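For reference, the structure discussed in these notes is given below.
Position 1 is the first residue of the sequence; numbering continues from there. Everything numeric here is computed off the predicted structure, so don't read it as measured data. Side-chain atoms are counted along with the backbone in the values below, which use heavy atoms only and exclude waters and symmetry mates.
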Amino acid sequence: MNTFHKMMLAAAAASAALLSSCQVQTAISYGKDIPPRAVVRDGIVVTLHDQKLTLVRGGKKVKDYRVSTSKFGIGNTHGSRRTPTGIHAVSQKTGEGQPKGMVFKGCRPTGEVVPVDASGRDPVVTRVIQLAGLEPKNSSTHARRIYIHGTPEERKIGHPASYGCIRMKSDDVVDLYRRVGRGTAVAIEMCSQKTYLEAEEKQGVSRVVIPDSVVQKLPTDGLRFRPTTTYRSRHSRLVRRTSLRNRSVASRGKSTSKSSSGKRLASTKKSRRR
């Protein structure tokens, strides 16, 4: 076997390994359909087992949507790109009034609008519902920028495909956006919707209630626009230039004032001599 054939075989083996890993990643399982320890009577429930988001009121399903959570599985570690579990709350919403497909960066609209299933594009679009974790295990959720948001990759909805966030179709996230507000409870559980709703009916399961004092302390400023180094340096130069310009104008004003006052004084002295 010559060197060329060896190289071809090695390339084929590498391609097969990559394909295998992609297939495993696409078919990721979120484990057994385990009932939750506590339930949200009023709020949002994300059930990872069947990739659904359910809006509940009084323990009853109001509406549900198909979603897409992380293709890397479950986790709370920074940089893991995994979807956290446990009790969360809506900390902030962004995007009201923006058109469907509007691209967001740093939770700010960029002005770019992308169509559904645009090739090669995977941005955050349409609406952004920010989450904050309320348990020690998921306290990093807000800092990790885990959102409920729209995606142009609607063909992947219903299957794990995100980088940690909970993706929705644009029409669905617009509908959900208007139904929830800051402080809305959000439970992210490994079970299915059916199992979760059955737990809602049981008397012995704990009920989640988020006090107003906790809602008031939910983070809101951590994910706002942060200027880049280039922006800050340009901004600093602009501030310095403006400051120098103002000082120059002020100094010219003072010298003019002194000159005028000097002329007035000389004129007064002459008139006295006369």
inquiry  = Looking only at side-chain N and O atoms, does Gln193 offer a donor or acceptor that is under 3.5 Å from a partner on Thr47?
reply    = no
ask   = Between Gln51 and Thr69, does any side-chain donor sit less than 3.5 Å from a side-chain acceptor?
value = yes
Would a 4.5 Å heavy-atom cut-off, applied to side chains only, mark [X] and [Y] as touching?
X      : Y      : value
Glu112 : Val114 : yes
His88  : Leu134 : no
His149 : Val125 : no
Asp64  : Leu55  : no
Ser170 : Glu154 : yes

State whether [X] and [Y] are salt-bridged, where the test is any N-O pair (Lys NZ or Arg NE/NH1/NH2 against Asp/Glu carboxylate O) under 4.0 Å.
X      : Y      : result
Lys60  : Glu201 : yes
Arg57  : Asp42  : no
Glu135 : Arg37  : yes

message = I need the Tyr163 OH to Arg144 CZ distance, nearest 0.5 Å.
response = 14.5 Å
inquiry  = Distance check, rounded to the nearest 0.5 Å: Ile188 atom CD1 versus Leu131 atom CG?
reply    = 6.0 Å
Restricting to non-hydrogen atoms, name the atom on [X] and the atom on [Y] that form the minimum distance, rounded to 0.1 Å.
X      : Y      : value
Ser70  : Pro160 : O-CB, 3.4 Å
Val39  : Ala199 : CG1-CB, 3.9 Å
Tyr196 : Val40  : OH-N, 2.7 Å
Ala143 : His78  : CB-CE1, 3.9 Å
Asn76  : Lys137 : CG-O, 2.9 Å

Using modelled atom types only, decide if a donor and an acceptor are shared between the side chain of [X] and the backbone of [Y] within a distance under 3.5 Å.
X      : Y      : result
Arg82  : Phe72  : yes
Arg182 : Leu218 : yes
Thr195 : Pro35  : no
Asp117 : Arg155 : yes
Ser68  : Ala161 : yes
Thr126 : Gly150 : no
Arg178 : Leu176 : no
Thr83  : Gly164 : yes

Test salt bridge (charged side-chain N to carboxylate O under 4.0 Å, His left out) applied to Glu198 and Lys202, step by step = CA-CA 7 Å; Glu198 287 175 351; Lys202 295 180 180 178; 6.0 Å; no
Verdict with supporting geometry, Val45 and Val186, side-chain contact (heavy atoms from CB on, under 4.5 Å) = CA-CA 6 Å; Val45 180; Val186 181; over 6 Å; no
ask   = Near Arg81 CZ, under 6.0 Å, is it more than 12 heavy atoms from other residues, nucleotides or ligands?
value = no
query = Where do Asn138 and Thr141 land on the side chain to side chain donor-acceptor pair (under 3.5 Å) test, with the steps shown first?
reply = CA-CA 6 Å; Asn138 58 31; Thr141 294; 4.9 Å; no
key: salt bridge (Lys or Arg N to Asp or Glu O under 4.0 Å), paired with Asp175, selected from Lys63, Lys100, Lys169   = Lys63
key: CA sep, side-chain torsions, deciding dist, call: Asp172, Arg127, salt bridge (charged side-chain N to carboxylate O under 4.0 Å, His left out)   = CA-CA 10 Å; Asp172 290 346; Arg127 298 289 185 275; over 6 Å; no
inquiry  = When you measure from the centre of the six-membered ring of Tyr177, is the NZ or CZ of Lys93 closer than 6.0 Å and no more than 45° off the axis?
reply    = yes
